[in-house]
Amino acid sequence: MNTDSFASMIRECNNIVFFGGAGVSTESGVKDYRSKDGLYNTVKEYGVPPEEILSHDFFFQHTEIFYDFYRKYFIIESEPNNAHKALASLEKSGKLKAVITQNIDGLHQKAGSKIVIELHGTAAEFYCVGCGKKGDTNKVLSEIKNKNVPKCDCCGGIIKPKVVLYGENLYDGVAESSVHYIQNADMLIVGGTSLAVYPAASFVRYFRGKYIVMINKSETEYDGNADLVIRNSIGEVFKNVMERLELQQ
């Protein structure tokens, strides 16, 4: 694990952006999607692939099944790990300018990060697909945990998580903000992502800065463009590099 080179790059740069995926949160007990232990390879009980369950059409056609899946695999208690904490610390030091995440778990904010762009929305917010009213999060979660489909108090419409499902567009402004931060960065750290989900993965191509660091347990198609590739636990990598930088997590 070449964290000495990683630490040297961080010392040299003052406009760092982090682009992360599901692998950032696995050490917090959140399942990823595409690894051998991920949702797509382990969830078999519904008779359809999880990718289909997490689609726009399936949500509206089979809402009860969607919420049963959502309850089991997305409403879980989890805490930030060393990677989340390190990124919050780097932001506090002034070096890290933004976290761009494909995750919906809110763990970056829980760790203390302030500038977080959530490409695929957030599991912490809900809205009515009928009238657009924002749902009361605690009440909605209570309904889901009780195996009910949450409904709007105003119009009776179905309540939907504010997450981007397959077949849906990113929320307004998210792509533009991501590209802005990546274009202006002098260092881009990409971690815990296979870079297989588009359009999010395509944003990495806008980087024109000095260093790209890839931290992922498996290969990605972008590894050849990186200045440094580290194949290890992302939490362990950040723990080691923060010790070298002597920054508090």
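Since the structure is predicted, the reported quantities are computational estimates derived from the model, not experimental observations. Quick note: numbers below take in every heavy atom, side chains included, and nothing from hydrogens, waters or symmetry partners.
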Next on the checklist: Checking Y40 against L54 for the side chain to side chain contact (heavy atoms under 4.5 Å, CB included) test, could you report, in this order, the C-alpha distance in whole Å, the side-chain angles of both residues, the deciding distance, and whether it holds?
Outcome noted: CA-CA 11 Å; Y40 293 171; L54 293 171; 4.3 Å; yes
Does [X] use its side chain to pair, donor to acceptor, with the backbone of [Y] at less than 3.5 Å?
X	Y	value
T3	F6	no
T26	G23	yes
S89	K85	no
S233	E236	yes
K95	C13	yes
N103	D105	no
D32	A22	no
S113	Q109	no
N41	D37	no
R231	S218	yes

Ion pair [X]/[Y], N-O distance below 4.0 Å:
X	Y	answer
E79	K110	yes
E12	K210	yes
D4	R244	yes
K97	D186	no
K139	E143	no

To the nearest 0.5 Å, what is the distance between [atom1] ([X]) and [atom2] ([Y])?
X	Y	atom1	atom2	value
I212	D227	CD1	CG	6.5 Å
I144	Y70	CD1	OH	6.0 Å
L228	Y211	CG	OH	10.5 Å
E118	I104	CD	CD1	9.0 Å
Y73	T42	OH	OG1	6.5 Å
I158	Y67	CD1	OH	8.5 Å

Contact between [X] and [Y] at the side-chain level, heavy atoms closer than 4.5 Å - yes or no?
X	Y	answer
I215	N232	no
V99	I117	no
V17	I189	no
L141	F126	yes
H84	E27	no
P161	F66	yes
I53	V48	yes
K151	V149	yes

Checklist entry - What's the verdict on side chain to side chain contact (heavy atoms under 4.5 Å, CB included) for I234 and K239, showing C-alpha distance, side-chain angles and the deciding distance? => result CA-CA 8 Å; I234 193 166; K239 181 176 183 292; over 6 Å; no
Next on the checklist: As a quick check of understanding, evaluate side chain to side chain contact (heavy atoms under 4.5 Å, CB included) for C131 and C152, giving each step before the final call.
Outcome noted: CA-CA 8 Å; C131 67; C152 177; 3.7 Å; yes
Item to check | Residue list, side-chain hydrogen bond (donor to acceptor under 3.5 Å, both in side chains) with E168, at least two apart or on another chain | outcome: H56, K160
Does [X] have more than 12 heavy atoms from other residues, nucleotides or ligands lying within 6.0 Å of its [atom1]?
X	atom1	value
K72	NZ	yes
E64	CD	no
Q183	CD	yes
N146	CG	yes

Looking only at heavy atoms, which two atoms of [X] and [Y] are closest? And how far apart?
X	Y	value
L170	A175	CD1-CB, 4.4 Å
A83	V24	CB-CG1, 4.3 Å
V164	Y171	CG2-CE1, 3.6 Å
L96	F18	CD1-N, 3.8 Å
G21	Q102	CA-NE2, 3.9 Å

Item to check | Same apolar cluster (I L V M F W Y, side chains within < 4.5 Å links), L107/F74 | outcome: no
Next on the checklist: If hydrophobic clusters are built from ILVMFWY residues whose side chains come within less than 4.5 Å, do Y166 and V43 share one?
Outcome noted: yes
Checklist entry - Does the pair V204 and L188 meet the rule for a side chain to side chain contact (heavy atoms under 4.5 Å, CB included), with working shown? => result CA-CA 8 Å; V204 176; L188 179 64; 3.9 Å; yes
